[in-house]
Amino acid sequence: MSDPREPLRLRVDRDRCAGAGMCALTAPAVFDQDDDEGLVMLLNPAPAPEHRPAARMAVGLCPAGAIALDAPDSTDL
Ligand code: SF4
């Protein structure tokens, strides 16, 4: 179990993204979609604490599994 306020690092895979937009709706400060194809754009791979719960929710909601959650780099500690 992780604390929702723990630092997190995000990655997105635009090859997997289906353009469903759940991420941008759920966490608009962290994700957007491009105008051409509607594919995900990661605005902030290391969201501030207030945006982390929504970002984590977006990971779970993405129907394509295109958003990955990494543990913070150990070099950050
Ligand atoms: S929710 Fe997933 S499939 Fe939908 S736009 Fe975001 S990354 Fe792409």
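Whatever order the structure lists them in is the order used to number ligands and atoms, beginning at 1. Excluded from the calculations below are hydrogen atoms, water molecules and symmetry mates; all remaining heavy atoms, backbone and side chain alike, are included.
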Original post:
Who pairs with Arg16 by side-chain hydrogen bond (donor to acceptor under 3.5 Å, both in side chains), at least two apart in sequence or on another chain?
Top reply: none

**OP:** Quick one: name the residues clustered hydrophobically with Leu61, using the 4.5 Å side-chain heavy-atom rule over I, L, V, M, F, W, Y, and just say none if it's on its own.
**Re:** Met22, Met57

**OP:** Could you please tell me which protein N, O or S atoms lie under 2.8 Å from atom 6 (Fe) of ligand 1?
**Re:** Cys23 SG

Subject >> Exam field: side chain Arg52 to backbone Pro47, donor-acceptor pair closer than 3.5 Å >> reply: yes

**OP:** List the steps and the verdict of side-chain contact (heavy atoms from CB on, under 4.5 Å) for Asp70 and Arg11.
**Re:** CA-CA 7 Å; Asp70 285 343; Arg11 281 181 292 120; 2.7 Å; yes

**OP:** For residues 36-46, pull every pair meeting side-chain hydrogen bond (donor to acceptor under 3.5 Å, both in side chains), keeping only residues two or more places apart or in separate chains.
**Re:** none

Subject >> CD1-CZ distance between Ile67 and Arg56, expressed to the nearest 0.5 angstrom >> reply: 13.0 Å

